[in-house]
Every structure is written in structure tokens, then in C-alpha cells.
Amino acid sequence: MKLRIKGNSVRIRLTKTEVAQFCEQGFYTAETNFGKTLFRYSVKAGPEADSMSAVFEAEEIAIIIPASELQNWQRDERVGFYDQINLGADEHLLLQVEKDFECLEFRGEDESDNYPNPKAQTRATNG
């Protein structure tokens with residue numbers, strides 16, 4: 001699972017295996033060890049949730065997605081889930097949880113569990 005934070009934007013990308021586990025178990029958590037502290041980032045299904053939300057507590061960022069939205073996500077064409085939380089004073093927190101696609105350019109990362117990039121097919125056809 002990859003986490004990207006930029007300003008008031010949080011984006012999480014999940015591989016095929018991670019999406020499957022998230023859909024089946026209702027959560028997926030990754031962590032980064034900083035020595036004396038573990039930083040966790042999670043996606044969680046919210047059985048009672050009607051929209052996306054985010055929580056930052058006890059060294060963990062969790063993005064909650066309504067459980068009803070997760071049905072068939074691992075098998076359908078939806079790339080992800082997107083929402084924004086109004087923080088007041090004209091500020092918003094943008095939330096994005098997406099399937100992780102193979103990069104179009106080689107980056108030296110293991111992408112064997114990533115989803116095929118739909119743009120790669122277009123690029124191959126257009127030559």
C-alpha cells in the first residue's frame with residue numbers, strides 16, 4: 001500500500017492483493033517503522049458510514065469508506081473512491097483510495113501485484 005500526502009490531500013493506492021484483503025476483511029493496514037515509533041496507515045470499511053471520512057489518532061491515519069461501496073470493487077472497473085471533507089474556513093481535506101496501476105515508465109519498483117494500466121493498452125494500439 002502506498003501513501004501520498006500533499007497539503008490537504010491524502011491518497012492511498014492498493015495492489016490487487018491488498019484490495020482483495022480490504023474487500024474481504026473490511027480493513028487493510030500498513031506501517032512504517034521509525035525506530036521507537038510505528039506509523040500506521042489504514043483503509044477501513046465503515047458499516048454505518050454514508051460517506052468517506054478520515055481519522056488521525058495514535059500514530060495512525062485511517063480512511064474510512066462506506067462498507068456498501070466496497071461490494072465487487074476487486075472485480076469491477078472502478079479505479080477508486082474520492083471525497084472531500086469540509087474543514088471550515090474555505091479548507092477541505094481531499095481523500096483518495098485507488099487501485100495501484102503499473103507505471104507506464106519503468107521505475108525500478110516491483111509492480112507484479114499492480115493492476116494493468118489501461119493507458120498501456122491505448123499506448124500500444126496507438127503505437
Side chains of [X] and [Y]: does their closest heavy-atom pair fall under 4.5 Å?
| X | Y | result |
| --- | --- | --- |
| Glu31 | Thr29 | no |
| Arg4 | Gln96 | no |
| Met52 | Tyr82 | no |
| Val43 | Phe81 | no |
| Asn33 | Leu38 | yes |
| Tyr41 | Thr32 | yes |

Looking at [X] and [Y], what are the two nearest heavy atoms and their distance?
| X | Y | answer |
| --- | --- | --- |
| Ala54 | Leu93 | CB-CD2, 4.1 Å |
| Leu70 | Ala45 | CD1-CB, 3.5 Å |
| Ala49 | Pro66 | O-CB, 3.3 Å |
| Arg78 | Glu69 | NH1-O, 2.8 Å |
| Phe39 | Phe34 | CB-CE1, 3.6 Å |
| Asp76 | Gln71 | OD2-O, 4.1 Å |

Using the rule side-chain contact (heavy atoms from CB on, under 4.5 Å), only one of Ile85, Asn86, Asn8 pairs with Glu91; which is it?
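Only one of Ile85, Asn86, Asn8 forms a side-chain contact (heavy atoms from CB on, under 4.5 Å) with Glu91, namely Asn8.
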
How many angstroms lie between [atom1] in [X] and [atom2] in [Y], if you round to the nearest 0.5 Å?
| X | Y | atom1 | atom2 | result |
| --- | --- | --- | --- | --- |
| Lys44 | Tyr28 | NZ | OH | 14.0 Å |
| Ile63 | Phe56 | CD1 | CZ | 12.5 Å |
| Leu3 | Arg11 | CG | CZ | 10.5 Å |
| Thr17 | Asp100 | OG1 | CG | 11.5 Å |
| Ser51 | Ile65 | OG | CD1 | 11.5 Å |
| Ile12 | Ile61 | CD1 | CD1 | 7.5 Å |

Common cluster, Val97/Ile5, ILVMFWY with side-chain heavy-atom separation under 4.5 Å
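Same cluster: Val97 reaches Ile5 through Ile, Leu, Val, Met, Phe, Trp or Tyr contacts under 4.5 Å.
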
Please confirm whether the backbone N or O of Met1 pairs with a side-chain atom of Glu18, one donor and one acceptor, at under 3.5 Å?
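Yes.
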
CD of Gln25: more than 12 outside heavy atoms within 6.0 angstrom?
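Yes, because the 6.0 Å sphere around CD of Gln25 holds more than 12 heavy atoms from other groups.
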
